[in-house]
Amino acid sequence: YPVENIRNFSIIAHVDHGKSTLADRLLEITGTIAKTAHNKQVLDKLQVERERGITVKAQSASLFYNHEGVNYLLNLIDTPGHVDFSYEVSRSLSACQGVILVVDANEGIQAQTVANFYLAFEAQLAVIPVINKIDLKHADPERVEKQIEKLFDIPIDECVRISAKQGTNVEKVLQKIIEKIPPPQCNTADPLKALVFDSTFDHYRGVIANIALFGGEIQKGHKIVSAHTKKRYEVNEVGILTPNEQPTHKLYAGQVGYVIAGMKEVTEAQIGDTLFLYKQPVEPLPGFKSAKPMVFAGMYPVDQTEYNNLKSALEKLTLNDSSVTIHRDSSLALGAGWRLGFLGLLHMEVFNQRLEQEYNMSVILTAPTVPYKAILSSAKLIKDRRAVQKDMLYIDEQRVMLKYLFPLNEIVLDFYDALKSLSSGYASFDYEDAGYQAADLIKMDILLNGNPVEELATIIHSDKAYATGKLLCERLKDAIPRQLFEIAIQAAIGKRIIARETLKAYRKNVVAKCYGGDITRRMKLLKRQAEGKKLMRKIGNVEVPRDAFIRVLKRE
Ligand code: GTP
């Protein structure tokens with residue numbers, strides 16, 4: 001395939017607007033996959049993706065298409081749709097020259113339509129607007145076309161109206177790709193220059209790096225170097241994705257495919273890295289910023305004997321998801337574990353679900369937190385409003401786009417759900433990091449008879465301290481069994497107590513039942529009581545069962 005017959009493109013869309021369905025149709029029309037009823041969401045490989053109906057990990061596929069007697073190679077680079085994964089979208093886009101922007105004909109432009117459009121626009125890609133689901137009864141493609149013209153300045157007559165489900169006009173989309181998206185600008189005669197835009201880990205073959213060739217060619221036996229790590233490798237296999245790996249003799253400039261070269265860890269194939277031939281260095285391609293974790297949570301095995309199994313499962317899973325950060329951590333109550341950083345809450349849930357489904361692990365995940373920078377001085381007394389309106393724009397008579405500055409911890413937990421239910425599902429939401437802001441935050445301790453419980457210390461906004469402190473005290477009171485003495489459960493800010501619950505004294509006399517009875521029975525019961533105590537963690541003189549922490553910390 002000469003470079004001028006190659007097109008590299010992505011499909012971008014708001015969640016559920018039909019990106020995967022359109023990709024399936026394109027794969028069918030071009031004969032990449034057989035046309036059967038079982039082909040739903042071919043690119044969504046993971047079980048969690050199929051179950052949740054969302055794309056988490058980008059997949060790619062090469063399509064072969066004959067248009068007016070000319071053979072074209074169309075490389076479709078899949079992108080995930082959810083807010084949490086916009087980082088994956090931007091890295092997929094760096095391998096493309098154009099995008100198909102899918103908008104639901106009924107819902108119209110939504111938050112991620114706007115966010116994804118700007119990612120493509122900033123990358124200077126050709127944008128083909130496609131209005132999907134025109135078969136729906138309430139479809140209003142005209143209104144959506146007007147929105148697209150108003151917001152993105154794209155003329156109405158450039159929009160393609162389709163039904164990805166029924167296949168209507170999907171062929172037109174292929175023609176537009178050929179007409180509107182420029183071929184990649186590169187030359188096979190140049191030295192090898194390959195962008196790593198994704199990587200996966202295969203148990204038997206090691207790292208499989210997805211690459212886009214911006215120059216030169218690559219084949220088995222080539223000695224290549226990573227611009228990022230300076231490490232040298234020998235190429236074992238190259239090929240294209242259809243969407244499964246299919247080995248080929250060579251990959252040429254302009255093509256998208258994969259390379260296997262004896263890399264043992266995904267960190268060796270850094271996303272955004274440039275590969276070149278040994279002794280033929282090139283100027284590396286501008287990489288992209290690495291994923292920035294926004295939500296942190298502790299992870300512990302439910303049973304400490306499972307620690308090593310969980311460790312190896314985590315290692316394997318993070319090999320496939322380099323956007324998760326991981327640090328060893330330990331807690332007196334929950335034992336040895338890790339502190340993980342995720343791109344967002346959905347990312348965290350998906351990761352957890354994959355641990356359960358693909359590795360059969362059951363874990364304790366502590367309540368998610370967001371990063372703070374603390375300055376230990378009274379200047380934190382600065383009063384900050386929790387949300388500040390920044391911008392407002394009417395998309396049409398029925399829709400308005402609002403921009404707010406929010407503290408991340410306010411949106412991390414349940415904001416998305418709350419927004420959806422408040423607007424009966426009509427509002428949509430997207431976010432980007434706006435940096436650290438000063439805020440009135442305090443550290444709240446939980447005390448048991450005056451002794452702090454380190455696992456339960458939290459950083460919290462001062463407005464919420466009373467309610468949260470009260471809730472934690474109440475939950476603890478329910479979770480801790482009564483003991484021989486009274487226990488004061490308190491929430492405190494510095495020396496100031498802001499909430500208190502009292503657990504009354506109680507003596508659980510295990511031998512009372514057999515008073516005067518048989519001595520061996522008595523010994524047996526005492527032994528059982530002692531064993532039970534091993535599962536307790538002592539805070540001062542108070543014994544707290546491990547599962548009390550789990551009950552208090554675990555997210556509902
Ligand atoms: P993410 O992978 O999460 O980004 O979602 P998506 O954009 O890939 O959406 P998907 O293709 O999974 O489609 C979402 C829902 O819309 C599915 O139930 C599809 O069957 C349905 N759908 C897609 N295209 C059409 C269409 O043309 N008409 C109708 N009626 N439904 C469609």
Side-chain angles (χ1 to χ4, degrees), residues 9-29 32-33 35-61 76-93 99-117 119-120 127-141 144-145 159-174 198 243 343-347 349-351 353-354 416 420 425 428-430:
F9 70 100
S10 270
I11 307 177
I12 53 177
H14 187 77
V15 170
D16 275 353
H17 281 197
K19 183 175 58 64
S20 305
T21 310
L22 175 59
D24 286 353
R25 276 309 87 72
L26 294 177
L27 263 63
E28 276 174 18
I29 291 183
T32 311
I33 54 166
K35 204 172 193 160
T36 70
H38 305 293
N39 274 332
K40 286 188 80 178
Q41 274 126 51
V42 175
L43 297 184
D44 288 354
K45 278 188 194 164
L46 306 175
Q47 187 186 349
V48 28
E49 294 183 316
R50 286 170 190 268
E51 276 177 16
R52 289 178 179 241
I54 53 163
T55 312
V56 172
K57 191 106 179 102
Q59 302 284 343
S60 305
L76 161 58
I77 291 144
D78 191 21
T79 59
H82 192 273
V83 239
D84 282 5
F85 303 106
S86 60
Y87 154 75
E88 296 237 356
V89 176
S90 59
R91 72 190 209 198
S92 307
L93 293 188
V99 295
I100 300 174
L101 179 69
V102 178
V103 189
D104 184 307
N106 182 14
E107 290 195 351
I109 288 180
Q110 296 289 318
Q112 276 110 59
T113 318
V114 178
N116 286 333
F117 169 80
L119 287 177
V127 176
I128 300 171
V130 162
I131 296 165
N132 186 31
K133 309 197 190 182
I134 54 166
D135 59 293
L136 287 179
K137 216 166 94 196
H138 298 290
D140 189 353
V144 181
E145 282 167 358
C159 297
V160 192
R161 297 183 184 183
I162 67 161
S163 164
K165 195 173 183 176
Q166 299 178 347
T168 323
N169 282 344
V170 173
E171 192 96 28
K172 267 196 192 156
V173 176
L174 284 167
D198 200 4
L343 299 174
L345 207 63
L346 179 77
H347 185 211
E349 285 171 8
V350 164
F351 187 88
Q353 196 175 336
R354 289 188 68 184
Y416 186 69
K420 278 283 171 201
S428 61
F429 161 71
D430 189 77

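Start at 1 and go down the list; that is how both ligands and their atoms are numbered. Bear in mind the structure is a predicted one, so any value in this text is a computation, not a measurement.
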If you measure from the Lys or Arg side-chain nitrogens to the Asp or Glu carboxylate oxygens, is any gap between E145 and R161 under 4.0 Å? yes

side-chain contact (heavy atoms from CB on, under 4.5 Å) with I11: of V102, V130, V99, I77, only one passes, and it is V102

Could you work out, for atom 5 (O) of ligand 1, the closest of I134, N132, D16 by heavy-atom distance? D16

[X]: numbered ligand 1 atoms lying under 4.0 Å from its heavy atoms:
X	value
G18	6 (P), 7 (O), 9 (O), 10 (P), 11 (O), 13 (O), 23 (C)
D135	26 (C), 27 (O), 28 (N), 29 (C), 30 (N)
L136	30 (N)
T21	10 (P), 11 (O), 13 (O), 19 (C), 23 (C), 24 (N)
H17	7 (O)

Minimum side-chain heavy-atom gap L22-I100 below 4.5 Å: yes

Using modelled atom types only, decide if a donor and an acceptor are shared between the side chain of D104 and the backbone of K133 within a distance under 3.5 Å. no

Before you tell me yes or no, could you show the steps for D135 and T168 under side-chain contact (heavy atoms from CB on, under 4.5 Å), namely the whole-Å CA-CA distance, both residues' side-chain angles and the distance that decides it to 0.1 Å? CA-CA 9 Å; D135 59 293; T168 323; 6.0 Å; no

Could an N or O of ligand 1 be found under 3.5 Å from any N or O of Q166, whether backbone or side chain? no

Polar proximity ligand 1 side, A164 side, N/O cut 3.5 Å exclusive: yes

Separation of I128 CD1 from K172 NZ (nearest 0.5 Å): 13.5 Å

